[in-house]
Amino acid sequence: MPLDLSLVQKKCDEALATPLPHNAFTSSSVFSSGYNPGYAKLNRRGGAGGWSPLDSDHYQWLQVDLGNRKQVTAIATQGRYSSSDWTKQYRLLYSETGRNWKPYHQDGNIWAFLGNSNTESVVRHDLQHAIVARFLRFVPLEWSGEGRIGLRIEVYGCPYWADAISFDGQGVISYRFKMKKMKILKDVISLKFKTSESDGVILHGEGQQGDYITLELRHAKLLLQINLGSNQYGSILGHTSVTSGSLLDDHHWHSVVIERYRRNVNFTLDRHTQHFRTNGEFDHLDLDYELSFGGMPFSGKPSSGSRRNFIGCMESIHYNGENITDLVRRKKLDTTSFRNLTFSCVEPHTFPVFFNATSYLQLPGRGGHEAVSVSFQFRTWNPSGLLLYSALADGMVEVALTDGKVSVHINVTQKKTTRIDISSGSGLNDGQWHEVRFLAKENFAMLTIDGDEASAVRTNTPIQIRTGGTYYFGGFFQRGSSLPSQRSFQGCMQLIHVDDQLADLPAVEQGMLGVFENVSLDMCAIIDRCMPNHCEHGGGCTQTWDSFSCSCDGTGYTGATCHTSVYEQSCEAYKHLGRTSDTYWIDPDGSGPLGPFKVICNMTEDKVWTTVMHSLPPQSAVSKPSRDSRALVQLNYSATTEQVSAITGSAEHCQQHVSYACRMSRLLNTPDGSPYTWWVGRGSEKYLYWGGSGPGIQKCACGIERNCTDPKYYCNCDADHKQWREDSGLLMYKDHLPVNQVSVGDINRPGSEAKLTVGPLRCQGDRNYWNAASFNTPSSYLHFSTFQAETSADISFFFKTSAPHGVFLENLGNSDFIRLELKSPTVVSFSFDVGNGPVELTVRSPSELNDDQWHRVSAERNVKEAILLLDQQYKEVRPAPSQGHTRLELYSQLYVGAAGGQRGFLGCIRSLRMNGVTLDLEERAKVTPGVNPGCSGHCTSYGMYCRNGGKCVERYNGYSCDCTSTAFDGPFCTKDVGGFFEAGTLLRYSFLPEGTAAASATKDAKGPSQSLGAEANLTREDVSFSFSTSSAPSMLLYVSSRTQDYLAVVLRQNGTLQIRYSLGGLKEPFTISLDQRNMANGQPHSVNISRVERNIQLQLDHYPPVSYSLPEASDTTFNLIKTLFLGKVFETGQIDPILIERYNTPGFVGCLSRVQFNGIAPLKAALRSRVAAPVSVQGKLVESNCGASPLTIPPMSAATDPWHLDKAGAEFPFNEERVVPDGVNRNSAIIGGIIAVVIFTILCTLVFLIRHMFRHKGTYHTNEAKGAESADNADAAIIVNDPNFTETIDESKKEWFI
């Protein structure tokens, strides 16, 4: 039963320092006798009113001896009475023996406590975790600027007592079971240990069936191995291995608790708990004879003997309610393996030294000696640093850590300069202790790492050594001519030997030997910043002494701690980024525990379908079982069960098609009988209905519809016919899906056969993405349970508002808080406080955010940084402080929409996700006054995705694009609708039924937005289409009328395009001929024609549009339009004979696509006729996108624009493979400019002459440069802007076609 920590805290709060005698207090120094440390008791005024040291610097400390081990829960400080002396910031060190000090850690750092700002006020700190110690040291870091260090203290806690057992590496405690064999369902094991060794078995138990449990130190980490059973076939493997902690060889107490119930295990080390489930399928731990503590049992298997026994101390050992330590003290357990059993801990003889980036330790050695002999141990996380530097009598020697290996540089300048470089080891910056031995003497140098002879590196380079007598460890900051490559070191050293003598570091601490600067003695303050690992979702953690970093490659997540998913939550979200149907990675819970996975997204016009595939092929024959009477068909999906559940849970609808093909294999039997076949869905539930039916109805689809082969049965297969039958249909209850297994029962009889088809899981919609609430008053809000986000938090949502400000959400703690707010119409703010003071991030938008359109906000805060992101493009990042609090502790409810009624939010919030969980705003809004579920107006934000004239249609959950009035299809009206025309195929679209011409005749047509059925006289047309063909001549498009007016777009014999307008008033039709482009080259080309009155605009492919004008004599009204033809003309009445003679036979062969005329899409009407349309097809028309419009390319600069090319006879220098760069040679540009002026003068003269010669003719001809007819692509085509002269003249050869 867990203890009530609040009761423990109340009981464990005694004042421990006040009752102590004066001599229990010691210090680094004393200002004078009245400032003795014995006067440093809280609220006491004796002596000078507290302790002050002789010098106020960072080497001072106040120490208190509590007499014996105590549990310390709080500390308090005060300044020196009636003075200007106080301590503003300090560190706390603790120890059991007055040696081997350990700094108090909190939030992953050596903690700095805030002290006093005056002499009298008491500042108390309740420790985040209690410590057990006898000695405490207060180390001032910052003090009063007006005076000096002054301190009075109190320590709060309670007595602590526990039996400790010392293990020497030989002794093992054997706890014998009362029974020879134990089948254990539940285990609770707890103990504390401390050691200076990095390896050793702490406990072990095993059974003859292969079960075992082992807890051991390996490389100073704790490894728990457990196996509840494996089978001899290897199909069940029970071995489970979990690692926790690091740097556990620090000779400080560490607490371990192992709780197991069946396969569920809680593994706790020093308050950090890992929850895991053992592998395999067994629940019991089968152990034989005994459980051993401190090493392997002597009855263990020989293969186990290679493990080292534990060396160190253990206390408070408990196993399933038994106090093992007490049983040992009372001699109830076998301890015969101990040479000398003691109940006290032996302290190590090491004296560690802690270096920071500004430290050094100077030790003396023998001067003028002919050999350098140094050894020491070090540990660090940094890949590089200076370990040792010594100036020789005529040179220098440097031992450094470089990229994780130890390198030695010897430089001797006696007669001639001699340099020796040797290195050994690798990856030595792993935080473990590593030993370095270095010896250099005449003509010899040797470097050995970790005592491994294989690592020893020797050199016999001729050299003379004469020592200088001074050795610098961990740093060298003096100036000189011969300097080391590294200048400092961050880490720890111990067991330093100089000239084969162990350095007397206690004498150094007392100032009797050597010199040191910024060194912490008798302490190694190394921290493993990757344990616990703050890198989430499998991110790799690497660290230096001061910080850690995460590698998120291949995880699917990003950010400083790999917290945020790089993928969208659903197919619905991808659609609203403008994506089309494809395979995508989705992450339904964002930063939650579910990993990303692949699905197929099918974006239809009004729905988005998510498809999850599985491994079962269609029409899989059900094999007959060998032993069992039933055949089990297992389906393995491309996503885990949890991932699939996330899809079905948020979907609006899910379905899965199932089909059972049978021959003498019954499916369900009767509704009252036991079914032959069933399927297993979500949660391993068994379901007895089949596709097309529903829960509780043991029938197939034919039984529901009453059309089964045999009316006596409710499934086709239940008739048991010898012919193949089939029962199929959709399973549509999404809470039951997906189908994970099908159990087939009637397959064993002779002649019985069955084939099973299970379609993929298909789900539509995402309720989480559209989950929204509307806040109608400034005081309205929704409340949810407290946001749990201690070390990492992410919040994302969409909002839209017309208000200038408002709080989106807020959650408070005692002093901690987190808040997201619209501060002004252009500024979004993310503010929080984790105990280091308020932090605010703001992002400013260049446009106003209260525009009643959806905007996306994402905020993240972790131990490394805070991020605020607006609309996926405006961002602020704020690094977290290197020291200080990291945990966000919140207690109030989470408020969405207002902050206590102040600056409340007015508008909509949608898709609010916090740490991967979508908050159900709609459900809460249903019962909250002032808040309505849902939100309208999605088209204002997403309507831009409806392209090509598609109309955005509002839906409750989102929007859809209505493509009815366009020539396109698809979810965004971007899919070309086209067809392939064979020779002789034509499409006819009638604008007016017979007999309505007179009634509809009018001269006031307004354009494409009005119905052509009522407005048959046009003063404007908009025509667009794309095509591809390799044959010419041909008719592309023809619009006839009941008069002689017409519009025709044709390809001439040479493949060039011609537009012919006949509107009356002219003797011959007005013709636009684009003569330099062979468009019958098999490539797709797009044509856009727009006429308003006399002005005609023509755009081909990706080139800029060009304007033309009808002559003054021409009429501007297209009278009584009648029919539109594609591919060929088959019309009664008067038709231009030139069209019939030259272009109508054999007709267009090729592809036409996205044809549109004034809002009418005749080709789409013929191919996608959902409603009756006045369209007919003669010949064979097959839907195809082979004429789809080419890729849109941005308008080109004038330098590469073929419509404005001024150099006569120039080759058009632009195609998909080659682009002429903008950087043109300056001289070439000047010469080209002069030539262009001359040519332009000639062109103007020719234009004037031609206009004069042909000003009375109604037909406008163009000139074709030689070779244009054979041009195959745009590179050879030159089209000039002037409508009366659309060709640049090749001065050498001119051909006139009149």
Side-chain angles (χ1 to χ4, degrees), residues 240-244 259 261 263-268 272-279 530-541 548 550-571 573 584-599 610 612 636-651 682-684 738 740 761 763 766-769 771 784-797 858-864 867 886-888 890 894 911-920:
T240 308
S241 178
V242 178
T243 302
S244 183
E259 301 166 294
Y261 179 68
R263 293 172 56 198
N264 301 300
V265 182
N266 292 340
F267 180 28
T268 304
H272 175 65
T273 302
Q274 293 187 63
H275 310 275
F276 66 92
R277 189 169 169 83
T278 60
N279 297 323
C530 289
M531 187 64 68
N533 188 1
H534 289 291
C535 304
E536 303 177 41
H537 302 110
C541 181
F548 73 93
C550 298
S551 172
C552 309
D553 295 343
T555 65
Y557 297 84
T558 187
T561 59
C562 309
H563 179 78
T564 306
S565 179
V566 300
Y567 303 110
E568 295 296 326
Q569 69 188 63
S570 64
C571 292
Y584 293 98
W585 288 87
I586 64 170
D587 195 341
D589 71 338
S591 61
L594 292 182
F597 56 99
K598 263 187 178 179
V599 297
T610 303
V612 184
N636 297 313
Y637 286 83
S638 59
T640 66
T641 302
E642 293 78 11
Q643 289 169 336
V644 174
S645 296
I647 292 178
T648 56
S650 64
R682 192 201 304 188
S684 301
N740 291 314
L761 175 68
C763 291
D766 181 2
R767 293 186 299 181
N768 288 341
Y769 188 76
N771 193 301
F784 296 88
S785 57
T786 305
F787 184 33
Q788 301 297 326
E790 285 194 347
T791 57
S792 61
D794 74 276
I795 306 168
S796 66
F797 58 91
S858 302
E860 180 184 349
R861 178 258 150 199
N862 54 56
V863 297
K864 292 282 287 183
I867 303 171
T886 60
R887 295 184 176 274
L888 179 65
L890 305 174
L894 168 69
S911 188
L912 174 57
R913 295 210 304 175
M914 305 182 71
N915 275 2
V917 178
T918 301
L919 273 60
D920 195 345

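Residue numbers run from 1 in the order of the sequence given. Both backbone and side-chain heavy atoms feed into the values below; hydrogens, waters and symmetry mates do not.
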For the [atom1] atom of [X] and the [atom2] atom of [Y], what is their distance to the nearest 0.5 Å?
X      : Y      : atom1 : atom2 : answer
Asn266 : His275 : CG    : NE2   : 5.0 Å
Ser241 : Phe276 : OG    : CZ    : 9.0 Å
Gln788 : Leu890 : CD    : CG    : 7.5 Å
Gln643 : Ser638 : CD    : OG    : 8.5 Å
Thr243 : Phe267 : OG1   : CZ    : 8.0 Å

Mind checking what makes ring pair (Phe, Tyr, Trp, His ring centres under 6.0 Å) contact with Phe597, not counting sequence neighbours?
->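 Residues passing ring pair (Phe, Tyr, Trp, His ring centres under 6.0 Å) with Phe597: none at all.
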Step-by-step side chain to side chain donor-acceptor pair (under 3.5 Å) determination, Ser591 to Asp794 | CA-CA 8 Å; Ser591 61; Asp794 74 276; 2.4 Å; yes
What do the steps show when you test Asn768 against Gln569 for side chain to side chain donor-acceptor pair (under 3.5 Å), and what is the final call?
-> CA-CA 9 Å; Asn768 288 341; Gln569 69 188 63; over 6 Å; no
Restricting to non-hydrogen atoms, name the atom on [X] and the atom on [Y] that form the minimum distance, rounded to 0.1 Å.
X      : Y      : value
Leu919 : Asn771 : O-OD1, 3.7 Å
His537 : Cys562 : ND1-O, 2.8 Å
Ser858 : Ser796 : OG-CB, 3.9 Å
Ser565 : Asp587 : OG-OD2, 2.9 Å
Leu594 : Asp589 : N-OD2, 2.9 Å
Thr561 : Cys550 : CA-SG, 3.8 Å

Please determine if Lys864 forms a cation-pi arrangement with Phe548, meaning its NZ or CZ atom is less than 6.0 Å from the six-membered ring centre and no more than 45° off the ring axis.
->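 Checked: cation-pi criterion met.
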Is a side-chain donor or acceptor of [X] paired with a backbone partner of [Y] at a separation under 3.5 angstrom?
X      : Y      : value
Arg682 : Asn740 : no
Ser650 : Asp766 : no
Arg263 : Thr278 : yes

With a 4.5 Å heavy-atom cut-off, do Ile586 and Ile647 have their side chains touching?
->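 Side-chain contact under 4.5 Å: yes.
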Could you tell me whether the side chain of Arg887 reaches within less than 4.5 Å of the side chain of Thr791, counting heavy atoms only?
->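 Yes, close enough: below the 4.5 Å cut-off.
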Find out if the SG atoms belonging to Cys530 and Cys541 lie under 2.5 Å from one another.
->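 Their SG atoms fall under 2.5 Å; a disulfide, then.
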With His563 as reference, evaluate His534, Arg861, Glu536 under the side-chain hydrogen bond (donor to acceptor under 3.5 Å, both in side chains) test and give the passing residue.
->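 By the side-chain hydrogen bond (donor to acceptor under 3.5 Å, both in side chains) criterion, His563 pairs with just one of His534, Arg861, Glu536: Glu536.
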